[in-house]
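Sequential numbering from 1 along the given sequence is applied to the chain's residues.
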Amino acid sequence: MAFQVDYIVLSTTDSSNRYVALSGTPLVSSNVAMDIIGGTSQALTGDFYVDGTNVKWDSGSYGLYSMLDASSKIRIIYDRS
């Protein structure tokens with residue numbers, strides 16, 4: 001296993017697009033963890049999803065849809081081995 005940890009401060013563009021690009025590709029997209037820095041852990045099913053190298057919350061049905069704005073800080077952990 002080679003865990004990758006991406007710390008991301010959302011830009012205005014990230015916030016309005018409601019997704020961020022990861023620095024690598026997760027080995028298994030269902031094994032991705034996300035935390036809001038200063039907040040709580042998020043659930044892969046219900047708060048966000050992974051599409052290739054992107055973490056997205058672009059539907060009103062996702063818990064993060066209206067929670068993250070520009071300057072929000074997130075941590076994403078995944079296996080890229």
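Rounded to the nearest 0.5 Å, atoms CH2 (W57) and CZ (R18) are 9.0 Å apart. Summarising the geometry, atom CD1 belonging to I74 is positioned 9.0 Å from atom CD1 belonging to I37; distances are rounded to the nearest 0.5 Å. Expressed to the nearest 0.5 Å, how far CG of L27 lies from CD of Q4 amounts to 13.0 Å. The CG atom of D14 sits 11.5 Å away from atom OG of S71, with the distance rounded to the nearest 0.5 Å.
The shortest side-chain heavy-atom distance between K73 and Y7 does not fall under the 4.5 Å cut-off. Taking 4.5 Å as the limit, some side-chain heavy atom of L64 sits within range of a side-chain heavy atom of I36. Counting heavy atoms from C-beta on, the side chains of N31 and P26 never come closer than 4.5 Å. When side chains are defined from C-beta on, D58 does not count as touching Y19, because their heavy atoms never get closer than 4.5 Å. Using a 4.5 Å heavy-atom cutoff, the side chains of V55 and M34 are in contact.
In terms of heavy-atom proximity, D51 sits nearest to K56 at OD2-NZ, 3.2 Å. Here the closest heavy-atom approach between residue D35 and residue S41 is recorded as OD1-OG, 2.8 Å. The two residues F3 and I77 have their closest heavy-atom pair at CD2-CG2, 4.2 Å. The two residues S23 and D6 come nearest to each other via the heavy atoms OG-OD1, 2.7 Å.
By the rule that hydrophobic residues join a cluster once side-chain heavy atoms approach within less than 4.5 Å of another member, V9 and V20 end up as members of separate clusters. Follow the hydrophobic side-chain contacts under 4.5 Å out from Y65 and you never reach I8; the two are in separate clusters.
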Test side-chain contact (heavy atoms from CB on, under 4.5 Å) on F48 and V32 and set out the steps.
-> CA-CA 10 Å; F48 70 98; V32 175; 4.2 Å; yes

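Although no hydrogens or angles enter the test, the distance criterion places a donor-acceptor pair under 3.5 Å between the side chain of D79 and the main chain of A2.
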